[in-house]
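Worksheet for the structure shown next.
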2 protein chains.
Amino acid sequence: MIKILIVDDEKPINDLIEMNLSEAGYNCTCVYDGISACDILEVERFDLVLLDIMLPGANGYEVLDYIKPLNIPVIFLTAKGSTEDKVKGLKLGADDYLTKPFEIVELLARVESILRRAGKTQTEIIVDDIIIDTRSRSVRRGNREIALTMKEFELLLLFARNKNIALFRETLYENVWGSDFMGDSRTVDLHVQRLRKKLHWEDKIKAIYKVGYRLEV
Amino acid sequence: MIKILIVDDEKPINDLIEMNLSEAGYNCTCVYDGISACDILEVERFDLVLLDIMLPGANGYEVLDYIKPLNIPVIFLTAKGSTEDKVKGLKLGADDYLTKPFEIVELLARVESILRRAGKTQTEIIVDDIIIDTRSRSVRRGNREIALTMKEFELLLLFARNKNIALFRETLYENVWGSDFMGDSRTVDLHVQRLRKKLHWEDKIKAIYKVGYRLEV
DNA sequence: CAGCTATGTATCTGTATTGTATCATAAAAT
DNA sequence: ATTTTATGATACAATACAGATACATAGCTG
């Protein structure tokens, strides 16, 4: 299990991140200031730290100094997009930075990227007889690869992370397409159909009348 | 009892939400401006706040600031659907976002989602020997799934949340169909009959002469 | 630039869902 | 008991929805 430490004094942001990373299968711990961060790092192993720069107590840079010798990758969270801060952070040893406000998709991408770089990626999600590798973005049944497009892959991932849960068309659209306006387009349906066909999941991904779809396993 | 505070200056919207959440078993309180919201939050505990952005007095963002330290989840209600606003809201600490006009079904889904996230709700409702899973929108008896349509499911949910309570036809119609005008149509009756048949609940859902129906368990 | 792939729109069609109409039966009122 | 009214049952029609297919566009690759 990959463990991520989230250090941010704004609880909502903390929660938002935690929720999404937990959903993606990571084990998260939240602390709200620099001192607590150092304390917990003293006794617990983590694979990645998400670190806010503006912190009460010790600021982000100081915490970074503390983390450095532990050799744990760090992603800086910064409110401002000032190049100065970025450079400073990266110079001091942050592996990446993320400017608030950020899209969840981007957060996940960067987290995966960093973990991959550190060789710690959790890569496989298994659903039924299918293996989804988030790292190579590939899907296999046994050792036969199933070629999916970008959207199809994202869609599958969402279903895989929400097995047996009815997903509204709007939810699907928001997550895969990133926009909250769908209108009456039938894009989602079409992609579900294509995905079904490719995976031979004609009856596993069920349409729910007037609602959306559900992956049944 | 889960308590929800509704903050919206448009009374009809307020009422609509209140009615539906009350039916769903939540305890609701309505206020119509930001100041009142803060006042009541000062003295009463709530589990969730539904907050309109456009408010007289203090606007939604300011109220949000006020709520933040209280650590109560917030769902923003807004007419706008721009990602900018969404991010702004989420960044400031809103836990979710609902764009007006919204479907009642979606409202309930999001409320449940948030409460679940906060560990304050259960996803399964058990009635007699039947299990209703609001998350997957499925109904089972033992491990035999009972296929219900949208309306049937909503109807069952309403009965399940109001066991042994007589429900007026108008109430049923308003909640499941979302409209407050029913005329003298017999739509509700028909759906009750269909639901009865599917669940073999011919005698559990009792007709109450000149009133409506009641689920007896 | 041509050709390919990914993605999205438009359209048609079958069908599940939903609602209306009708008649039969049960409950209440007189 | 008889009338009146409400509900149950059934059949059927309208509708909305999802599946399928074809086609248009965009974006990439060579």
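Note on naming: letters A, B, ... go to the chains in the order of the sequence lines (proteins, then strands), and numbering restarts at 1 for each one.
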[atom1] of [X] versus [atom2] of [N]: gap in Å, rounded?
X	N	atom1	atom2	answer
A:Asp184	C:dT9	CG	P	10 Å
A:His191	D:dA18	NE2	C1'	16 Å
B:Leu190	D:dA14	CG	C1'	14 Å
B:Tyr173	C:dG19	OH	C1'	9 Å
B:Glu170	D:dA6	CD	C1'	14 Å
A:Met150	D:dA26	CE	C1'	15 Å
A:Arg186	D:dT21	CZ	P	14 Å
B:Glu152	C:dA16	CD	P	14 Å

Can you sort out which residues in residues 205-217 of chain A have a heavy atom within less than 4.0 Å of DNA chain D? Ascending by number, please.
A:Ala207, A:Ile208, A:Tyr209, A:Lys210, A:Tyr213
side-chain contact (heavy atoms from CB on, under 4.5 Å) between A:Ile75 and A:Val49, intermediate numbers included
CA-CA 6 Å; A:Ile75 296 179; A:Val49 180; over 6 Å; no
Taking side chain as C-beta onward, heavy atoms only, is B:Asp47 less than 4.5 Å from B:Ile72?
no
Is there a side-chain contact between B:Ile131 and B:Val139 in this structure, where contact means two heavy atoms from C-beta onward sitting under 4.5 Å apart?
no
[options]: which one has an atom nearest the side-chain heavy atoms of [X]?
X	options	value
A:Gln193	D:dT7, D:dA18, D:dA20	D:dA20
A:Thr187	D:dA18, D:dT7, C:dT9	C:dT9
A:Thr149	C:dT9, C:dA6, D:dT7	C:dA6

Which residues pass the ring pair (Phe, Tyr, Trp, His ring centres under 6.0 Å) test with B:Tyr173, sequence neighbours left out?
B:Trp177
Hey, is [X] close enough to [Y] for a salt bridge, meaning N to O under 4.0 Å?
X	Y	result
B:Glu154	B:Arg137	yes
A:Glu216	A:Lys204	no
B:Arg186	B:Asp184	no
A:Arg169	A:Asp189	yes
A:Glu145	A:Arg140	no

Looking at B:Arg196, I'd like to know whether one of its side-chain N or O atoms comes within less than 4.0 Å of OP1 or OP2 on D:dG8.
yes
Do the side-chain N or O atoms of B:Trp177 get closer than 4.0 angstrom to the phosphate oxygens (OP1, OP2) of C:dT18?
no
For DNA chain D, whose closest nucleotide is more 5', that of B:Arg169 or that of B:Arg194?
B:Arg169
Intra- and inter-strand pairing of DNA chain D, written as dot-bracket with Watson-Crick and G-U pairs under 3.5 Å and | for the latter, reads ||||||||||||||||||||||||||||||
